[in-house]
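Report on the structure given below.
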2 protein chains.
Amino acid sequence: MAGTGVDRRELPLISGGTVHERADAARNRRKVLAAAERLFAQRGVTAVTMDDVAAAAGVGKGTLYRRFGDKSGLAAALLDERERDLQASLLTGPPPLGPGATARERLAAFAAAYLGYVAGHLDLVSLSQTASPGARMRTGSHRLWRQHCRHLLAEGDVPDPELRADVLLAALTAEQVRHWLADRGHALGDLEAAVRRLVDSLLG
Amino acid sequence: MAGTGVDRRELPLISGGTVHERADAARNRRKVLAAAERLFAQRGVTAVTMDDVAAAAGVGKGTLYRRFGDKSGLAAALLDERERDLQASLLTGPPPLGPGATARERLAAFAAAYLGYVAGHLDLVSLSQTASPGARMRTGSHRLWRQHCRHLLAEGDVPDPELRADVLLAALTAEQVRHWLADRGHALGDLEAAVRRLVDSLLG
DNA sequence: CCTCCATACGGACTCAGGTCCGCTTATAGT
DNA sequence: ACTATAAGCGGACCTGAGTCCGTATGGAGG
């Protein structure tokens, strides 16, 4: 979570708790995110190239790549802000998403909420997951979702909680959700109900 | 299953039950598959470009793409033959893979066998699944695996058999399996056992 | 205020996947 | 055998992702 893109070397948390980011760099980062958001909204994610973003932001391509690593990093950075709400709800929000409900209830609530999040930003999430193979696992936020699921599954005293956390998240990939919604024509509500039942099964 | 690549218009089954394939076309198809197999074995899948394959096969790039659609199609064609064994076992082989065992036993056996198949051809399967987004769902063989799972799950009287079939296959994506094996350092045997337990949960 | 250099910039360049289209040829029909 | 024609061929070409490297500059230390 946190970092607004960038691979390994940590950089400013989103709020700007600057460890040492040059002013021009911060300005460019903001320009790029704003331009990307606008272009994606206007033309659709797939129709926008990295050159487009760079040009619209009035920035060189190198800058773009230095900041965000690759296209999926840019998508992750844009999603970062939107994930914040969900993440906060999990950690400190009211039940059933936050602490206070049973592990079973919390996991079902998480799965439903995560499904909604993915469905609500399909293209962006898809991009962040599929731009490069294995990108999905490497996002900071993925680690958080994963840990949350693992934790709740372990509380439920299920075998292989870690692996089942991966299974649950693998089931809710952007491409999988897209397939259910678009190719299979399922309604989001039906999916949500089915996913809740699935969680129930996973918890034995 | 069946088609040796090619997008929509069906073409010769692998054995060559020619619906109408020109002799030179068949020859080129074989040359390409042979060259691709050799190059992939020699240099590793990711280090081989489509130009390499075309050149090694003594064929133009256009021919390559006409035959196999895209890189993932080429991978699928190469896997085709290796899938055949597993597919035959499911349909007509001895239990527990084939008919004769309980749905639960058969599904556990399938999951374990499929895991082994994916792990045994990680790079190729990965390529066939990730070359283009959504490629995974569109393979002929995927439909077969899916239907098989759906069928067994339905026999087990589980809710949402179709969706759970997708979940099971989503859990056994090449990238996911690679992550478990390489990044997480799990042993294939442990994974197999865990996947069997997972199937048990899925069947209530 | 000045200097210095780590940090950042930008755009030319490389590389690989995928498309296009004019030419060639296998083969069905006569 | 002889066409006519649909199927196939090949490689030049296009596009877009990601890299490289010479140049510019923010800002810390003097």
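These numbers come from the heavy atoms of this one structure, side chains and all, not from hydrogens, waters or symmetry mates.
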| remark: note: D51(B), atom CG; dA12(D), atom C1'; distance rounded to Å ~ 12 Å
| query | dT19(D), dG10(D), dA26(C): which one has an atom nearest the side-chain heavy atoms of D24(B)? | reply | dA26(C)
| Between E81(B) and R84(B), does at least one N-O distance fall below 4.0 Å, as a salt bridge requires? | no
| task | Compare side-chain N and O positions of T63(A) against OP1 and OP2 of dA8(C) and report whether any pair is under 4.0 Å apart. | result | no
| message | Between A23(A) and A131(A), which residue's closest nucleotide on DNA chain D lies nearer the 5′ terminus? | response | A131(A)
| request: Write down the distance between CG (L127(A)) and C1' (dA17(D)), rounded to a whole number of angstrom. | output: 12 Å
| query | How do R27(B) and G62(B) order along DNA chain C: which one's closest nucleotide is nearer the 5' end? | reply | G62(B)
| task | Would you kindly give the CG-to-P distance between D70(B) and dT15(D), to the nearest whole Å? | result | 20 Å
| remark: By nearest-heavy-atom nucleotide on DNA chain C, the more 5' of S132(B) and K61(A) is K61(A)
| query | Under 4.0 Å between a side-chain N/O of R66(B) and OP1 or OP2 of dC20(C), yes or no? | reply | no
| task | Ignoring backbone atoms, test whether N28(A) places a side-chain nitrogen or oxygen under 4.0 Å from the OP1 or OP2 oxygen of dC9(C). | result | yes
| said: By the 4.0 Å heavy-atom rule, please label K71(A) as base, sugar-phosphate, or nothing. | reply: sugar-phosphate
| Can you check whether A174(A)'s main-chain N or O pairs, donor with acceptor, with Q129(A)'s side chain at less than 3.5 Å? | yes
| request: Grab the CE-P distance between M50(A) and dG11(C) for me, whole Å please. | output: 16 Å
| message | How many whole angstroms separate atom CZ of R29(A) from atom P of dA8(C)? | response | 11 Å
| Does some side-chain heavy atom of L115(B) sit less than 4.5 Å from a side-chain heavy atom of L188(B)? | yes
| query | Without hydrogens or angle criteria, can the side chains of R164(B) and S201(A) be said to hold a donor-acceptor pair below 3.5 Å? | reply | yes
| said: Between R67(A) and E21(A) (salt bridge meaning N to carboxylate O under 4.0 Å), is one present in this structure? | reply: yes
| message | Could you tell me how far apart E21(A) (CD) and dA8(C) (P) are, to the nearest whole angstrom? | response | 7 Å
| task | Give a yes or no on whether a donor-acceptor pair under 3.5 Å exists between the nucleobase atoms of dA7(D), that is its base, and the side chain of R22(B). | result | yes
| task | Using whole Å, report how far CZ of R67(A) lies from P of dA17(D). | result | 20 Å
| Checking all strands, does T49(A) fall into the base, sugar-phosphate, or nothing category for heavy-atom contacts under 4.0 angstrom? | sugar-phosphate
| request: Starting from C1' on dC13(C), measure out to OH on Y65(A) and report it in whole angstrom. | output: 14 Å
